[in-house]
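Everything below concerns the one structure shown next.
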Amino acid sequence: MAPAERSPRLNTRPAGAEPDPLVFVCQVFHPDAQSTSQLLSDLVRELAGRGEAIEVLCGYPGVPAGLPAPAEETWSGARVRRGGSKGQFKRSFVRRAWAYASYSAFVLWRLALAPRGRRVVAITNPPYHPVLLAAICRLKGHACVALLQDIYPEGLVAVGRLRAGHPIARVWHRLNRRAFRFCHEIWVLGRDMADLVQTRYGVPATRIRVIPHWSVADSSGDERLEETRLFRELGLEGKFVVQYSGNMGLWHDLKTIVRAAHLLRDDPDTVFLLIGAGIKRAGAERLAAQLGVTNIRWLPYQPRERLADSLACCHVALVSQLEGLEGIAVPCKLYGILGAGRAVLAQVPARSEVAMVVTEENCGLVVAPGDAEALAAGLRHLVRDRAAVSAMGRRALAAYREKYSLARGADNVGQALVTWTGAEAAGADR
């Protein structure tokens, strides 16, 4: 990926005229602490700082619940409108369904009232939103881009929550195909996602744009492990630290990490830090108790102001993705690891974006998902070769600075918007 020139101001209106805003539609946004919220909030701040007119249609913060957030505000130069239900919506299926429905109704109402010709970025949060927003945009004369964080229903099928031939899966797939056909472009997080959208949905490669994520941690990448606050608090002197940090959800295999830690139980100098939360954490903790694993430290999510320190508190960082999820999701934790300048040990599908990045940048090792023996063997190799681990970390940081920083992400989005504006202008001229 060659470095791109910084994109110019996108709205080309006469002097003194109010530019039409670019509308991002995503249920989670600042001050919500979820990773999608933080990544989008950083992008909006960066684009607004470059002079772009931005509007965000989002829900009220759910993580942590009860954070104060007004229905309308100007935040970092962007106009933010909130709607839908309030409170923690992930605690039950009923609450989640109501939160999705009430938020979607709010978004449809706002887009129905908006002046014709808005440019709308439909983010897959909720996961069906590209379908819904493509429909309202077509009806109201807005232009639309779908930004796919994850691809559904494929994700639910891959983890066994939905049969491939189930009527819901078939109908959802058809609706996706129609929505993608209407969208100006499909923005994806990785090359594996681009391949899936092209082959499964028939979207031409010319209408697919890869825009990788960045890190939400404000890190210089030069932090030494021994200088981190977390290292001192946990008393990790003399230890080789292996870290998993982030969501422990449907896409991830925490039990294989636990089994690998068990296989390394005779190495007193290797310690695992498992930081975060999600539906897979409880099962992994139960397995660790059953196996008598003692070389894992379990920690909660770290506050954002401590995230850079936390990510730097390791020699090697783990990325986990289940087999069959290549093209469906790209773990954003990879970019935090690169930004921290740490070696990567990725238990991910061989054809996934994460595997491609780690291999291309020579910044770590890739092992097959679900193979605890291979994961333990990779860690033993890294423990024995500390010089190689340090070199991998340096290459990780160099790759991040060149290709995967927030500034680079904003450049990628900015260039996409210039192309979008140019295509609309050409259409108007015709």
Side-chain angles (χ1 to χ4, degrees), residues 10 21-29 35-37 39-40 43-44 47 54-59 100 103-104 107-108 110-112 114 117-157 169 171-213 325 327-330 332 353 409-410 412-421 423-424 427:
L10 307 179
L22 175 70
V23 183
F24 285 96
V25 182
C26 184
Q27 187 174 23
V28 294
F29 190 72
S35 59
T36 298
S37 167
L39 290 162
L40 176 60
L43 176 63
V44 166
L47 291 175
I54 305 289
E55 182 176 345
V56 181
L57 301 181
C58 62
Y100 281 176
Y103 170 66
S104 296
V107 169
L108 291 176
R110 294 303 321 183
L111 291 178
R118 286 287 191 260
R119 292 177 301 163
V120 177
V121 180
I123 299 172
T124 48
N125 191 301
Y128 56 81
H129 252 194
V131 170
L132 192 66
L133 299 191
I136 189 65
C137 286
R138 188 168 189 171
L139 180 66
K140 295 298 297 182
H142 303 316
C144 186
V145 157
L147 197 171
L148 306 183
Q149 302 279 349
D150 313 291
I151 300 181
Y152 291 88
E154 284 78 3
L156 296 176
V157 172
V171 171
W172 199 338
H173 184 273
R174 288 196 204 103
L175 292 174
N176 278 347
R177 183 178 286 271
R178 291 183 181 181
F180 294 169
R181 190 182 304 128
F182 169 76
C183 289
H184 169 73
E185 281 188 340
I186 309 298
W187 296 353
V188 297
L189 305 183
R191 290 159 286 183
D192 54 349
M193 294 182 78
D195 289 343
L196 187 151
V197 171
Q198 186 176 359
T199 58
R200 192 164 298 182
Y201 287 101
V203 179
T206 54
R207 291 182 47 239
I208 304 172
R209 189 179 295 265
V210 178
I211 300 180
H213 267 325
L325 284 169
I328 294 172
V330 177
C332 62
E353 177 68 16
N412 292 336
V413 172
Q415 191 58 50
L417 297 178
V418 168
T419 304
W420 192 358
T421 304
E424 288 182 329

Taking the side chain as every heavy atom from C-beta outward, state whether [X] and [Y] have any atom pair closer than 4.5 Å.
| X | Y | value |
| --- | --- | --- |
| Leu132 | Val107 | no |
| Gln149 | Asn125 | no |
| Cys144 | Cys183 | yes |
| Trp187 | Val197 | no |
| Thr124 | Pro130 | yes |
| Trp172 | Val157 | no |
| Tyr100 | Tyr128 | yes |
| Arg200 | Glu154 | yes |

Considering all heavy atoms of both residues, which atom of [X] and which atom of [Y] are nearest to each other, and what is their separation?
| X | Y | value |
| --- | --- | --- |
| Leu148 | Leu189 | O-CG, 3.7 Å |
| Ala410 | Leu47 | O-CD2, 4.0 Å |
| Arg119 | Leu417 | NH1-O, 3.9 Å |
| Cys26 | Ile123 | CB-CD1, 3.8 Å |
| Pro126 | Gln27 | CG-OE1, 3.9 Å |
| Pro212 | Asn412 | CD-ND2, 3.9 Å |

Problem set entry | For Asp150, side chain to side chain contact (heavy atoms under 4.5 Å, CB included) partners two or more places apart | Tyr152, Trp251, Ala329
Approximate separation, where rounding is to 0.5 Å, of [X] [atom1] and [Y] [atom2]:
| X | Y | atom1 | atom2 | value |
| --- | --- | --- | --- | --- |
| Ile186 | Arg181 | CD1 | CZ | 11.5 Å |
| Leu108 | Lys140 | CG | NZ | 11.5 Å |
| Ile151 | Asp192 | CD1 | CG | 8.5 Å |
| Glu185 | Thr419 | CD | OG1 | 6.5 Å |

Exercise. side-chain hydrogen bond (donor to acceptor under 3.5 Å, both in side chains) with Asn176: which residues, sequence neighbours excluded?
Worked result: Tyr201
Exercise. Sequence neighbours excluded, which residues qualify as side-chain hydrogen bond (donor to acceptor under 3.5 Å, both in side chains) partners of Glu55?
Worked result: Arg81
For this session: Step through the shown structure and confirm whether more than 12 heavy atoms of other residues, nucleotides or ligands are within 6.0 Å of CZ on Arg178.
Result: no
Exercise. So does Arg138 have more than 12 non-hydrogen atoms from other groups sitting under 6.0 Å from CZ?
Worked result: no
Exercise. Should Leu57 and Leu111 be marked as a side chain to side chain contact (heavy atoms under 4.5 Å, CB included) after you check the CA-CA gap, both sets of side-chain angles, and the distance that decides it?
Worked result: CA-CA 9 Å; Leu57 301 181; Leu111 291 178; 4.1 Å; yes
Exercise. When you measure from the side chain of His142 to the backbone N and O of Arg118, does any donor-acceptor pair fall under 3.5 Å?
Worked result: yes
